[in-house]
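Structure record follows, encoded as structure tokens.
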2 protein chains.
Amino acid sequence: MKLQQLRYLRAIARHNLNISEAAQHLHTSQPGISKQVRLLEEELGVPLFHRSGKHLTDMTDVGKKILHYGEKILQDVDNIRAAADEACDDQNGELRIATTHSQARYVLPPIIDHFKTRFPGVRVQIHQGSPPQVGGMLAHGEADFVIGTDPIAHSGQMVLLPAYRWYHCVVVPRDHVLAKEGAITLERLAEFPIVTYLDGFTGRTKLDADFKRAGLTPEIVLTAADADVIKTYVRHGMGVGIIAHVALEPGYDDDLVALNTHPAFSPNITRIGFRRGAWLRGYMFEFIAMLAPHLGAEQVARAARDPDAPAVQKLLTQIKLPTRGPSRSSVRA
Amino acid sequence: MKLQQLRYLRAIARHNLNISEAAQHLHTSQPGISKQVRLLEEELGVPLFHRSGKHLTDMTDVGKKILHYGEKILQDVDNIRAAADEACDDQNGELRIATTHSQARYVLPPIIDHFKTRFPGVRVQIHQGSPPQVGGMLAHGEADFVIGTDPIAHSGQMVLLPAYRWYHCVVVPRDHVLAKEGAITLERLAEFPIVTYLDGFTGRTKLDADFKRAGLTPEIVLTAADADVIKTYVRHGMGVGIIAHVALEPGYDDDLVALNTHPAFSPNITRIGFRRGAWLRGYMFEFIAMLAPHLGAEQVARAARDPDAPAVQKLLTQIKLPTRGPSRSSVRA
DNA sequence: TATAGTTACGTTTATCGTAAGTATC
DNA sequence: GATACTTACGATAAACGTAACTATA
């Protein structure tokens, strides 16, 4: 058994059992992969794939088990590489973040700014996508971290730590009738056409639940994946916007008024996740601390090693989480 | 990076940083290992060992981290092998048990007997040793299971499940003065010279605690690692024996009388352990069930996958454990 | 001086890429 | 007929073992 055979196996599985595609992706020849797969099957004495003639139709049950261990092995190989890189140089490297629009656009810029000043030698990549997409990037090892609010595909392979709490707020143009009212009720809010996030984005799930609990069915006239689009339509008078408070930019959004509701919307929790058992480099710990100061290096390291340990569970539930933007008690921005 | 390099690294670490010894153990040449280590260090760009001239004196910090991931990798390689073997044949294989004398001598024989009838194709190995030794065998992958009572070196790599509960009992020759008394108190017992287990063997820790709690310091005139020796000295009138009740063999020990104490000795729990994340073969699940019928295949499989899961923790603490031998309520054998 | 690790070298094996062949869709 | 996997083959490279060398304890 060789590590490359496992890499080939993984690549085939990730490319819909298409060996040619996998070969292309690995910059190698298709017969080479074909042969190594046969060799591995021969060595282990079991077929890894169901075949119809010369086409791979599906993986066998054993194949799936073997792939599972193979992926673990390849992750640990990456861990060894990362540990070695870390040892010879803790200032240079890569930081790959998979995240949603809200974070990439409003929350991360000042943090990345700070990070780049502190670690100029680290190349930072920000991959943007929907919650399911960013979860997939993490699982496939294309990103080191995922940052997001909405339920991210939480396979047992992922460790998710709470980063901060935030609230939705209502935004209207300065001349809107609501702009003159104080904290508004959900009932009052539901009288207006609403512009807000797409389902599954930026806490939309919580919003819907809040309205449902109040027995209201607001008229949502437009939904978008990001607050920039929402704000634009609010400016055009399409309706009342509901966005994350962190999505308001002082200096740019002064033509809008932000209002809280009474009772307040439910809090949302944005989390940062990484692969279970991943080797985190020094600058990664510092990045986490910049995003969420309560997540110290030792605690995060423990969570990476053993996310189910009681001490980590305690961290997940009992921690005093910082709030970004105004808290529920403040009424008006 | 190659799997063999990791095997070499592990072998060196396990042979006191002696490359020649490691080479001998792996049936390969010493220069071969030497070279592969250099190549790995070169590829990773970090030294794995501290050297004084040409001798390895210690592992570097990175080296230890890398070794840690290397061992995980090699275990998963074994898991792949086992999964493949399982798939092509679930009747043949190996069952390697590391255990202490008490289990090997009194508890396991009928179970192994039953197992061999059910799985004649499985080669069974029983490695006997002290509790620390058997823990080491498991950690080094020389055994699939460890079975024992006393605190076994419980690294995070090991999953320990409770198998059964048992009690100590007092044994004396038929003509001994105690043989005529009913349940005897600890105070009465402490009037006699005691023959029992060595420290660290077969629940000796619990025994000492029981006496200490009663404010007694019995005169222990002889200690041995196994009950056969203890019984022999009891027959010779050296003193009163305290052994595990399971160590009494009907038909062979009828010249001895077993007595319980009042209050009873504390219960002991014998556990079965295996490596975390190990791939368990079908016959291994059945073996566990033969030893401890309450440990079903699904529960054990879940414990192997994720020993810290809440459901597994519940299994560890809340389970109704079977008792081997008379329970604390029965007074006299 | 004995033990242990490195360097040097030749053999053998295996991996990879190109090119031709063959079976599905 | 187009796409996709397999077989065949040659070049390159890497791993292994033997033997000679060197440094430590």
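Lettering follows sequence order; numbering is per chain, from 1.
- Residue-level contact check: A:Ser29 touches the bases, meaning some heavy atom is under 4.0 Å from a base atom.
- For B:Thr28, whose side chain is taken as the heavy atoms from C-beta onward, the closest listed nucleotide among D:dT6, D:dG17, C:dT15 is D:dG17.
- Between D:dT6, C:dC16, D:dA19, one nucleotide has an atom nearer to the side chain of A:Ile19 than all others, and that is D:dT6.
- Rounded to whole Å, the distance from NE2 on A:His15 to P on D:dC5 is 12 Å.
- The nearest whole Å value for the distance from the CD atom in A:Gln36 to the P atom in C:dA14 is 11 Å.
- The existence of a salt bridge linking B:Glu41 and B:Arg51 is confirmed by a sub-4.0 Å separation between a basic side-chain nitrogen and an acidic carboxylate oxygen.
- Separating the CG atom of B:Leu3 from the C1' atom of D:dA15 is a distance of 14 Å, rounded to the nearest angstrom.
- In this structure, CZ of A:Arg38 is placed 18 Å from P of C:dA14, rounded to the nearest angstrom.
- Side-chain nitrogen and oxygen atoms of A:Gln4 include none within less than 4.0 Å of the OP1 or OP2 phosphate oxygen of C:dT15.
- Rounded to an integer number of Å, the gap from NE2 of B:His50 to C1' of D:dT24 is 19 Å.
- Between A:Arg51 and D:dC5 there is no side-chain polar atom (N or O) within less than 4.0 angstrom of OP1 or OP2.
- Counting any heavy atom pair closer than 4.0 Å across all strands shown, A:Ile33 reaches no nucleic acid atom.
- Under a 4.0 Å N-O distance rule, the pair B:Glu21/B:Arg14 does not qualify as a salt bridge.
- Between B:Asn18 and C:dT3 there is no side-chain polar atom (N or O) within less than 4.0 angstrom of OP1 or OP2.
- When heavy atoms are screened at a 4.0 angstrom cut-off, A:Leu17 is found touching the sugar-phosphate backbone but no base atom.
- B:Arg105 has a carboxylate O that lies under 4.0 Å from a charged side-chain N of B:Asp228, or vice versa, which qualifies the two as a salt bridge.
- With rounding to whole Å, B:Glu21 atom CD is found 8 Å from C:dA4 atom P.
- Rounded to a whole Å, the CD atom of A:Gln30 is 14 Å from the C1' atom of D:dA8.
- When the shell of 6.0 Å around NE2 of A:His140 is examined, it contains more than 12 heavy atoms from other residues, nucleotides or ligands.
- If you find the closest nucleotide of DNA chain D to A:Lys35 and to B:Gln5, the one lying nearer the 5' end belongs to A:Lys35.
- Here A:Tyr8 reaches the OP1 or OP2 of C:dC16: one of its side-chain N or O atoms lies under 4.0 Å away.
- As a whole-Å value, the separation of B:Leu48 CG from C:dG5 C1' is 16 Å.
- Along DNA chain C, the nucleotide closest to A:Thr57 and the one closest to A:Lys2 are compared, and the more 5′ of them pairs with A:Lys2.
- Comment: A:Arg118 engages A:Glu286 in a salt bridge, judged by a side-chain N to carboxylate O separation of less than 4.0 angstrom.
- Residue A:His55 places its side chain closer to D:dA4 than to any other of D:dA4, C:dG5, C:dT18.
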